[in-house]
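Please read the structure below before turning to the comments.
Residue numbering restarts at 1 for every chain, and letters A, B, ... go by the order of the sequence lines.
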2 protein chains.
Amino acid sequence: MSALILNNIAQHIRLTPEEEAHFVSLLSAKTIRRKQFLLRETDVCRHSAFVTHGCLRGYTVDANGFEHILQFAPPGWWIADMYSLLSQQPGNLNIDALEDTDVLLLAKSDQEQLYHDIPKFERFFRIITENSLVASRRRLLDNMSLSAQQRYESFCRHYPTLIHHLAQKQIAAYIGVTPEFLSKMKSEWLRKPKG
Amino acid sequence: MSALILNNIAQHIRLTPEEEAHFVSLLSAKTIRRKQFLLRETDVCRHSAFVTHGCLRGYTVDANGFEHILQFAPPGWWIADMYSLLSQQPGNLNIDALEDTDVLLLAKSDQEQLYHDIPKFERFFRIITENSLVASRRRLLDNMSLSAQQRYESFCRHYPTLIHHLAQKQIAAYIGVTPEFLSKMKSEWLRKPKG
DNA sequence: GAAATTTCTTAATCTACATTATTGGCCCCG
DNA sequence: CGGGGCCAATAATGTAGATTAAGAAATTTC
């Protein structure tokens, strides 16, 4: 049941069976049903979540009521409101489920204890965070330098599996256009089958 | 001379004098003159750089020749092409100096050795990276949800000291508008002194 | 310290994308 | 089966910000 998360960890650090057992004992399983929330923007984020089944999304709502999606979290991904988790103040991220989803939760306090008990985890989360930072910067650049069309293509290239799974509305909110414009782009794209 | 960097580190981890000395011995000082490059986009990034004097900028050039600034690095800031540093492949970040600038360089290989020799550094760079990630996501959200006007205000709020220092052109490239439009915004802003 | 280069401003025109509105399909629930 | 939501498609109109151009101001260079 925790095979996925142990496998995820084993890609970066090597744990003894005892360490694995200790780590797993800190996790608590939870199921979030479709459209239910794991975190609301008024909450303080107290856990990191690892998705084992289903799909979560992290998004904010701006002053005009528009949703902006920061992250999708399919199985094998971590998700949290890092700002809120670090500062222990209310953040501005909502996390809800696009379909019924199973997660493993690691409490912030346990995570910090883990850094002391098994310093290798310091390394693990450093690496995870470094990779997230690289991805976040690439996306920032995409947003600044690419047209909507190119951002859509970039999304398709980067998340080929997610794309069938998601409503177009969600993809539009991720790449930063209205659903209407995404629809228009796709129909124009069908007309001229490009290169 | 390395007081600034030791102070920066002391905000997150506590080092013994011997550890400090060892760390400092790994650093090499370098001066980059105005308009000279610390890193070109065709290079593999082999160092993390800590700025002690002056100001660097990290930017990419898109297909149409426009510059997009990912980061300014005034004194007390770290800068590197994280993607290239991690993958040891050519990245797409240029780093050059806006004025004559002094940096302390830490080679990737030394940084990795440091993680073994003084594990506290694993923690230090984890925390630094976490903070960068939070900042990067906030900026991504700003880009997706705010108008150019609001992004300019957000920049002024966030970098009150930098703003006098920098050419408007640079600020425009950072917030993602043309210099012409930034100029227009500012003159409109003068006309109606806002609230 | 004058020429050369770069930067800033203003203004006219243009365009990628937003807004609003309408329609039809699909799914859920009674 | 029949109605109420939600989602996608299409299209008309609107707008934030880009593009282009050209002159003024500031800085760099020699």
- request: Calculate the interatomic distance between A:Ile175 atom CD1 and C:dA18 atom C1'; express it in whole Å.
  value: 14 Å

- request: Considering non-hydrogen atoms only, spot the tightest contact between A:Arg139 and A:Tyr174 and give its length.
  value: NH2-O, 2.8 Å

- line: DNA chain C nearest-nucleotide lookup for B:Gln168 and A:Leu146: closer to the 5′ end is B:Gln168

Terminal axis angle for the helix from C:dG1-D:dC30 to C:dG30-D:dC1, five pairs an end, nearest 10 degrees: 50°

Nearest listed nucleotide, side chain of A:Ser183, among C:dT19, D:dA18, D:dA9: D:dA9

message: From CZ of A:Phe181 over to P of D:dA8, roughly how many Å is that when rounded to an integer?
response: 17 Å

field: Interatomic distance where CG belongs to B:Leu166 and P belongs to C:dT7 [whole Å]
entry: 13 Å

- prompt: According to a strict under-4.0 Å criterion, is B:Arg151 in side-chain N/O contact with OP1 or OP2 of D:dG17?
  reply: yes

- prompt: What is the distance, rounded to the nearest whole Å, between atom NZ of B:Lys186 and atom P of D:dG17?
  reply: 17 Å

message: How many whole angstroms separate atom CD of B:Gln170 from atom C1' of C:dT6?
response: 12 Å

message: Could you check whether any side-chain heavy atom of B:Leu4 comes within less than 4.5 Å of a side-chain heavy atom of B:Pro75, counting everything from C-beta outward?
response: yes

task: Specify the residue among A:Lys184 and B:Gln149 whose closest nucleotide of DNA chain D lies further upstream toward the 5′ end.
output: A:Lys184

field: Polar contact flag, side-chain donor to acceptor under 3.5 angstrom, B:Thr31-B:Asp102
entry: yes

statement: Per atom distances to the A:Glu180 side chain, the nearest of D:dA18, D:dT20, C:dA21 is C:dA21

Candidate list A:Thr101, A:Asn94, A:Asp96, test side-chain hydrogen bond (donor to acceptor under 3.5 Å, both in side chains), partner A:Arg57, passing option: A:Asp96

message: Strictly below 4.0 Å: does B:Thr178 bring a side-chain N or O up to OP1 or OP2 of D:dG17?
response: no

task: In whole angstrom, give the distance that lies between atom CE of B:Met185 and atom P of C:dT10.
output: 14 Å

Atom-pair distance (CG on B:Leu182; P on D:dA16), nearest Å: 17 Å

- request: Would you mind telling me which of D:dG17, D:dT19, D:dT28 lies closest to the side-chain atoms of B:Phe66?
  value: D:dT19

- prompt: C:dA16 C1' sits how many Å from B:Asn64 CG, rounded?
  reply: 14 Å

field: Options D:dA18, C:dT7, D:dG17, nucleotide nearest the side-chain atoms of B:Lys169
entry: C:dT7

query: Regarding A:Lys186 and A:Gln168, is there a side-chain donor-to-acceptor distance under 3.5 Å anywhere?
result: yes

query: Can you check whether B:Ser187 has a side-chain N or O nearer than 4.0 Å to OP1 or OP2 of C:dT10?
result: yes

- prompt: Do the rings of A:Phe121 and A:Phe124 sit parallel, tilted or perpendicular, given the 30° and 60° boundaries?
  reply: perpendicular

- prompt: With distance as the sole criterion, is a donor-acceptor pair present between the side chains of A:Gln150 and A:Ser147 under 3.5 Å?
  reply: yes

